[in-house]
Number of protein chains: 2
Amino acid sequence: MTETRGERKERTRRAILDAALQLCEDSSLVALSLRQVAKEVGIVPTAFYRHFDSIEALGLELVDESFASLRAMLLDVRRSDPDFDDIIDSSIGILVEHVHQQRAHFRFIVRERAAGPPRVREAINAAIEQFEKELATDLVRLTGTTTWSPEDLQILSGLIVTAMVGLAEAILRNPDRPDAEKAIVEGARVQLRMVLVGALNWRSKR
Amino acid sequence: MTETRGERKERTRRAILDAALQLCEDSSLVALSLRQVAKEVGIVPTAFYRHFDSIEALGLELVDESFASLRAMLLDVRRSDPDFDDIIDSSIGILVEHVHQQRAHFRFIVRERAAGPPRVREAINAAIEQFEKELATDLVRLTGTTTWSPEDLQILSGLIVTAMVGLAEAILRNPDRPDAEKAIVEGARVQLRMVLVGALNWRSKR
DNA sequence: CTTTTCAGTGTACAAACGTACACTCAAACC
DNA sequence: GGTTTGAGTGTACGTTTGTACACTGAAAAG
């Protein structure tokens, strides 16, 4: 069969990305060698350079890819019913589902956020900050500007994101333990309700 | 001068721990080589084995050491005035101070928690869970068992610990930026107050 | 004083590392 | 149909890696 040149290139590029994501699963990008990746993919080491300048550049690509997963998740959240009282349950359900479906990507983000090459860390944190800001503007739409100052909404947003990242980390930390995971998820639900109660009784700029 | 044999051993052992802590600062334990450490300390590579079986064993020792820093911090927190309304401010102040004084240890914990060798990760997470439980029993002492179920206190405790770990991570992420750090710390204060408002209006087992 | 112990040395080796360089050969191009 | 392009090959290099083994020499033990 005739496979176009660009298609073939894209195929090994994908294979490199997948192999890297898998190989650094229980260590880190900073401990991943170009030769391991090449061997896993089935190409000669020097061929790696046809696709990426360095492992770090590969890592930045994986960041983009992983955050594409995250954006897809947020689309799901926003698309879900705007029914107010179980917005928490549905959002958490969506998060849990995406973490399971994109395990490797989420693992990659939480791991390299703390331990990756500096530029990778920066890229991940910039993206997470972006999410916080987007959530803050979403909250403005939900609450109006009467009782909440923009600064406080930003701070509340940060708290929620921190809790959700914590939930994702806890899930990833307990693979193949459905009972433990259930308790974790239930705990996160309660946590968000506590935060919600706090938010409903909050008055900015007192 | 006469330096006892055990003293000399302890001294190079310390040098190894310090060198390892410094060398993995901008990568990770999983990317740290025995030879790097030996060179930094000024001993021959094989001499490393007189003190540790492996880099992983060294890592477990660093975990213990780092959590000793953390326990010292918690002692400070409990020792601080039990004046109720600024318990938040004083606790955060203590946390910030300790993060600055023990930068390397805190960095080590947050990094290796996500990216370290499996056993190191487990040790760190076990210690953090322990803290959550201790905080929960502290909260029992503060609130009594009337309005709060033990389960909810445990969950609240988890939320607070997550937020505090998040604060530590944010501080470590912005070194040498006093203005940014000030905003981060102020945000954390507000977050904890929000959680406190939620807690005060919470009723368990509704 | 003699013997034992053991932290640290020195040499040695096979394996893995990143990368330079010259190459092939089929798709893409004119 | 002849030429160009570029993904992938193969060899080769100097480094760095973990670890094995035999050693030294001063402190500790008898």
Side-chain angles (χ1 to χ4, degrees), chain A residues 1-62 65 112 115-120, chain B residues 1-62 65 112 115-120:
Chain A
M1 193 248 127
T2 62
E3 191 179 27
T4 173
R5 201 137 139 163
E7 284 170 350
R8 192 167 202 76
K9 176 164 187 180
E10 182 54 30
R11 203 161 55 96
T12 65
R13 182 190 153 91
R14 267 253 56 79
I16 291 176
L17 288 165
D18 293 344
L21 197 57
Q22 187 210 319
L23 284 173
C24 73
E25 177 70 16
D26 34 32
S27 53
S28 161
L29 261 190
V30 295
L32 183 63
S33 83
L34 182 156
R35 283 180 112 104
Q36 280 176 56
V37 177
K39 174 182 271 188
E40 179 75 15
V41 172
I43 58 178
V44 90
T46 48
F48 175 91
Y49 293 110
R50 298 287 177 193
H51 303 273
F52 301 100
D53 281 348
S54 62
I55 291 285
E56 177 179 312
L58 192 166
L60 289 174
E61 200 59 36
L62 282 175
E65 216 172 278
E112 306 306 330
R119 304 196 163 227
V120 172
Chain B
M1 194 248 127
T2 63
E3 192 180 27
T4 173
R5 199 136 139 161
E7 284 171 346
R8 190 165 203 78
K9 177 165 185 180
E10 183 55 29
R11 203 161 53 95
T12 66
R13 182 189 152 92
R14 266 253 57 78
I16 291 176
L17 288 164
D18 292 344
L21 197 57
Q22 186 210 319
L23 284 173
C24 72
E25 177 71 15
D26 35 31
S27 52
S28 162
L29 261 189
V30 295
L32 184 64
S33 83
L34 183 156
R35 283 181 112 104
Q36 280 176 56
V37 177
K39 173 181 274 188
E40 178 76 14
V41 173
I43 58 177
V44 92
T46 48
F48 175 91
Y49 293 110
R50 299 286 177 192
H51 303 272
F52 302 98
D53 282 348
S54 62
I55 291 285
E56 177 180 311
L58 191 167
L60 289 174
E61 200 59 35
L62 282 175
E65 217 173 277
E112 305 307 329
R119 306 199 159 220
V120 172

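Chain A is the first sequence line, chain B the second, and so forth, proteins listed ahead of strands; every chain is numbered from 1.
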Separation of atom [atom1] in [X] from atom [atom2] in [N], rounded to whole Å:
{"X": "B:Arg50", "N": "D:dT19", "atom1": "CZ", "atom2": "P", "answer": "15 Å"}
{"X": "A:Ile43", "N": "C:dG18", "atom1": "CD1", "atom2": "P", "answer": "13 Å"}
{"X": "A:Arg14", "N": "D:dA7", "atom1": "CZ", "atom2": "P", "answer": "17 Å"}
{"X": "B:Arg5", "N": "D:dT24", "atom1": "CZ", "atom2": "P", "answer": "17 Å"}
{"X": "A:Phe48", "N": "C:dT19", "atom1": "CZ", "atom2": "P", "answer": "10 Å"}
{"X": "B:Leu23", "N": "D:dT17", "atom1": "CG", "atom2": "P", "answer": "11 Å"}
{"X": "B:His51", "N": "C:dC6", "atom1": "NE2", "atom2": "P", "answer": "13 Å"}
{"X": "A:Tyr49", "N": "D:dG8", "atom1": "OH", "atom2": "P", "answer": "15 Å"}

5' priority, DNA chain C, between A:Lys39 and A:Pro45 [closest heavy atom]: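 Looking at the nearest nucleotide for each, A:Lys39 comes out on the 5' side.
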> Nearest nucleotide by nearest heavy atom, which residue falls closer to the 5' end of DNA chain C, B:Thr12 or B:Arg35?
Replying inline: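 It is B:Thr12, whose closest nucleotide lies nearer the 5' terminus.
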**Message:** What verdict does the side chain to side chain contact (heavy atoms under 4.5 Å, CB included) test give for B:Arg13 and B:Phe52, after you've listed the backbone C-alpha separation in whole Å, the side-chain angles of each residue and the deciding distance to 0.1 Å?
**Reply:** CA-CA 9 Å; B:Arg13 182 189 152 92; B:Phe52 302 98; 3.7 Å; yes
message: Measuring from the side chain of A:Thr46 (C-beta onward, heavy atoms only), which nucleotide among D:dT17, C:dG18, D:dG10 has the closest atom?
response: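 Of the candidates, D:dG10 comes closest.
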- Query: Choosing from D:dT17, D:dT9, D:dA12, which nucleotide comes nearest the side chain of A:Val44?
  - Reply: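 Selected nucleotide: D:dT9.
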Under 4.5 Å between any side-chain heavy atoms of A:Asp18 and A:Gln22, yes or no?
->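 The answer is no, as the side chains (C-beta and beyond) never meet within the 4.5 Å cut-off.
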Practice prompt. Kindly indicate whether the side chain of B:Val30, heavy atoms from C-beta on, has any atom under 4.5 Å from the side chain of B:Val120.
Written response: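 No, every pair of side-chain atoms sits at 4.5 Å or beyond.
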Q.
So, OP1 or OP2 of D:dT16: does either fall under 4.0 Å of a side-chain N or O from B:Ser33?
A.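 Checking B:Ser33 against D:dT16: no side-chain N or O falls below 4.0 Å of OP1 or OP2.
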I would like to know whether B:Leu58 and B:Glu61 meet side chain to side chain contact (heavy atoms under 4.5 Å, CB included); could you show each step before the answer? CA-CA 5 Å; B:Leu58 191 167; B:Glu61 200 59 35; 5.6 Å; no
